[in-house]
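Reading through the structure tokens given below for one structure.
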Amino acid sequence: MRPGEERPVEGGACAAVFEVELLKLRAAECIDEAAERLGALSRAIWSEPELAYEEHHAHDVLTRFFQSERPAASWAVQPHYQLVTAFRAEWGLPRGWAAPCPLHLGFLCEYDALPGIGHACGHNLIAEVGAAAALGVKGALESLPGPPLPVKVIVLGTPAEEDGGGKIDLIEAGAFKNLDVVFMAHPSQENAAYLPDVAEHDVTVKYYGKASHAAAYPWEGLNALDAAVLAYNNLSVLRQQMKPTWRVHGIIKNGGVKPNIIPSYSELIYYFRAPSMKELPVLTKKAEDCFRAAALATGCTVEIKGGAHDYYNVLPNKSLWKAYIENGKKLGIDFISEDAMLNGPSGSTDFGNVTFVVPGIHPYFYIGSNALNHTEQYTEAAGSQEAQFYTLRTAKALAMTALDVIFKPELLERIREDFKLKLQEEEFLNTVE
């Protein structure tokens, strides 16, 4: 059976569905066959945690993994792809093989860790899920007789999700150009096909005052720490007028050097979050007014500098996550309800930016522990053997969903329509196109 193939004979539709289900079984078998190597891949990343843009070991482990796949040279691997610690591995049509409009499916790997507590967000498992799902799709398609299908499977290694936004760098470099659908999955405490990850903007705020002796002549000074404290309190007071869905959190990073010196410099770092890119500038403006008011009150000058990238909210693609749920249930995945899914707690991710340029899915999966992300307990859980079963089960569900996208053109059309509709709702359609 070929993608989009019509079957005029009676009962052909049932036969086509049966063949797709057989391919899904083959994808799951391929993942199981690679389980030991995939587990070793995950452990190698987990055992040497690296921060954003510094994931050299993880990059090398992942590129070697695809370069060593059999048969030899089955994956075209590009190390250091656009970024020093990013990579691209591609499988599909042989070089020189002509095919009209091949379908490009992307599988994303993350692998950066958190400072001090390692892989407390389980990015070693994200890397494993992406690699495993890609292997499953490749194995299923290779089992088909006849000439190669017009399908390309592309694995993108995307560094710096925790800080900086490596996927945004890759978007700007054109790495997501021509991709039709992208897949990845994130460890959590429950199984959810979608969570409403929100838009995020971060700022660094610096106050410049004037040093003076704090006991002898404090009136000669301009207290930059006072400005920082006022800014902190201004934002705390603002919370009463904030929407329930807005989030503001920050730290005072620098507050002076010695108690008997009026601090001439202070620094804060803040994150602002809102459900959409439409709301985020409204919240940001209110917060920046609080920073400027603190400078005015203390006589200090203020410098407000935004981060390199804003993280966009993740656009839901209902057709895609419905297909994922259907496949996941066949594997015994117990999903939370749609109401819990749409109203549950969430964070922010640079995958949100990806969903503004290509349809994608970013489900969450249980790893055998009730520990919360960004804790030492979750670091331990992400490196456990128990997590392997749940990780590979999730990879199978992603691979099965990708096969649906390949062999059910009506599903791909609905996914594209959902994508356009959400862009229109966000008023981003003209920007993206």
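The shown structure was predicted, so the numbers you read here are calculated from the model rather than taken from an experiment.
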Task: Distance-only side-chain donor-acceptor flag, Ser212 / Glu220, under 3.5 Å - done: no
Task: Pair Asp180 + Arg416: basic N to acidic O under 4.0 Å - done: yes
Task: Gap between atom CG of Asp32 and atom CG of Leu392 - 0.5 Å precision - done: 7.0 Å
Open item on the list: Is any side-chain heavy atom of Phe183 closer than 4.5 Å to one of Leu108?
Closed with: no
Open item on the list: Taking Ile269's backbone N and O only, do any of them form a donor-acceptor pair with Thr204's side chain (distance below 3.5 Å, no angle check)?
Closed with: no
- [ ] Mind listing the closest non-hydrogen atom pair of Thr85 and Glu54 along with its distance?
- [x] CG2-C, 4.2 Å
TODO: Would you kindly say whether Asp197 and Asn313 are connected by a side-chain donor-acceptor distance under 3.5 Å?
DONE: no
Open item on the list: If you count heavy atoms of other groups shown closer than 6.0 angstrom to CD of Gln78, is the number above 12?
Closed with: yes
Open item on the list: Can you confirm whether Phe365 sits close enough to Thr391 that some side-chain heavy atom of one is under 4.5 Å from a side-chain heavy atom of the other?
Closed with: yes
Open item on the list: If the threshold is 4.0 Å, N to carboxylate O, is there a salt bridge linking Lys278 and Glu426?
Closed with: no
Task: Side chain proximity check, Ser266 to Asn254, heavy atoms < 4.5 angstrom - done: no
Open item on the list: Within the structure provided, determine whether Leu268 and Tyr207 are in side-chain contact (heavy-atom separation under 4.5 Å).
Closed with: yes
Open item on the list: Check Lys408 with Glu413, please: is the shortest side-chain N to carboxylate O separation under 4.0 Å?
Closed with: no
Task: Value rounded to 0.5 Å, distance of CE in Met341 from OG in Ser346 - done: 12.5 Å
Open item on the list: Could you report the tightest heavy-atom contact between Tyr324 and Thr394, atom names first, then the distance?
Closed with: OH-CG2, 3.4 Å
Open item on the list: For the residue pair Arg273 / His201, report whether a side-chain donor-acceptor contact shorter than 3.5 Å exists.
Closed with: no
Open item on the list: Classify the ring geometry of Phe87 against Tyr111: parallel below 30°, tilted from 30° to 60°, perpendicular beyond 60°.
Closed with: parallel
Task: Where Cys300 and Gly209 come nearest, the two heavy atoms and their spacing - done: SG-CA, 3.9 Å
- [ ] Could you tell me whether Arg247 and Glu200 have a side-chain N and a carboxylate O separated by less than 4.0 Å?
- [x] no
TODO: Determine the interplanar angle of the Tyr364 and His186 rings, folded into 0 to 90°, and report it as parallel if under 30°, tilted if 30 to 60°, perpendicular if over 60°.
DONE: tilted
TODO: Look at Glu69 together with Arg37 and state whether they make a salt bridge at an N to O cut-off of under 4.0 Å.
DONE: yes
Open item on the list: So which atom in Leu238 and which in Lys286 form the shortest heavy-atom distance, rounded to 0.1 Å?
Closed with: CD2-CB, 4.0 Å
Open item on the list: If I compare all heavy atoms of Asp163 with all of Tyr53, which pair ends up nearest, and what's the gap?
Closed with: O-CE1, 3.7 Å
TODO: Give, for atom CD1 of Ile117 and atom CD of Gln377, the distance between the pair rounded to the nearest 0.5 Å.
DONE: 9.5 Å
- [ ] Side-chain contact test, heavy atoms from C-beta onward, threshold under 4.5 Å: evaluate it for Phe419 versus Arg414 and give yes or no.
- [x] no
Task: Ion pair check, Glu29 and Arg26, cut-off under 4.0 Å - done: yes
- [ ] For Asn234, look at atom CG and say whether over 12 heavy atoms of other residues, nucleotides or ligands are found less than 6.0 Å away.
- [x] yes
Open item on the list: As an exercise, state the distance from CG of Leu114 to OG1 of Thr379, rounded to the nearest 0.5 Å.
Closed with: 7.5 Å
Open item on the list: With heavy-atom distances below 4.5 Å as the criterion, would you say the side chains of Leu320 and Val405 are in contact?
Closed with: yes
Open item on the list: Taking the basic N atoms (NZ, or NE/NH1/NH2) and the acidic carboxylate oxygens, is any pair closer than 4.0 Å for Glu326 and Lys322?
Closed with: no
- [ ] For residues Val203 and Phe291, determine if any side-chain heavy atom of one lies less than 4.5 Å from a side-chain heavy atom of the other.
- [x] yes
TODO: Evaluate the side-chain proximity of Leu156 to Cys109: yes if any heavy-atom separation is below 4.5 Å, no if none is.
DONE: no
Task: Donor-acceptor contact present, side-chain Thr375 to main-chain Ala371, <3.5 Å - done: no
Open item on the list: Please determine whether a side-chain nitrogen of the Lys or Arg among Glu338 and Lys318 lies less than 4.0 Å from a carboxylate oxygen of the Asp or Glu.
Closed with: yes
Side-chain donor-acceptor contacts of residues 350-359 below 3.5 Å, not counting sequence neighbours, with atom names and distances?
from: Asp350; atom 1: OD1; to: Lys167; atom 2: NZ; distance (Å): 2.8
from: Asp350; atom 1: OD2; to: Gly166; atom 2: N; distance (Å): 3.3
from: Asp350; atom 1: OD2; to: Lys167; atom 2: N; distance (Å): 3.1
from: Asn353; atom 1: OD1; to: Tyr312; atom 2: N; distance (Å): 2.9
from: Asn353; atom 1: ND2; to: Asp310; atom 2: O; distance (Å): 3.1
from: Thr355; atom 1: OG1; to: Leu315; atom 2: N; distance (Å): 3.0
from: Thr355; atom 1: OG1; to: Gly352; atom 2: O; distance (Å): 2.7

Open item on the list: Can a side-chain donor-acceptor contact be found between Glu386 and Ser384 if the only test is distance below 3.5 angstrom?
Closed with: no
- [ ] Check the surroundings of atom CD in Glu380: do more than 12 heavy atoms from other residues, nucleotides or ligands lie under 6.0 Å from it?
- [x] no
Open item on the list: Please give me the minimum heavy-atom distance between Leu225 and Gly255, naming the atom from each residue.
Closed with: CD2-O, 3.4 Å
- [ ] Name the orientation class of the two ring planes belonging to Tyr366 and Tyr390 (parallel below 30°, tilted from 30 to 60°, perpendicular beyond 60°).
- [x] perpendicular
Open item on the list: Assess whether a salt bridge exists between Lys285 and Asp289, defined as any Lys/Arg side-chain N lying under 4.0 Å from an Asp/Glu carboxylate O.
Closed with: yes
Open item on the list: How long is the straight-line distance from CD of Glu50 back to NE2 of His56, given to the nearest 0.5 Å?
Closed with: 7.0 Å
Open item on the list: For Glu267 and Tyr265, which I'm curious about, is there any donor-acceptor pair between the side chains at under 3.5 Å?
Closed with: yes
- [ ] Salt-bridge test for Arg88 and Glu90: reply yes if a basic N is under 4.0 Å from a carboxylate O, no otherwise.
- [x] yes
Task: Greater than 12 external heavy atoms within 6.0 Å of Asn260's CG - done: yes
- [ ] Report yes or no: do Asn124 and Ser42 form a side-chain donor-acceptor pair below 3.5 Å?
- [x] yes
Task: Approximate separation, where rounding is to 0.5 Å, of Asp418 CG and Ser319 OG - done: 3.5 Å
- [ ] Using the side-chain hydrogen bond (donor to acceptor under 3.5 Å, both in side chains) rule, take Gln67 and Trp75 through it: C-alpha gap first, then chi angles, then the decisive distance, then the call.
- [x] CA-CA 6 Å; Gln67 288 167 340; Trp75 290 91; over 6 Å; no
TODO: Establish, from distance only, whether the side-chain atoms of His119 and Asp112 form a donor-acceptor pair under 3.5 Å.
DONE: no
Task: Between Lys24 and Asn327, a side-chain donor and acceptor under 3.5 Å - done: yes
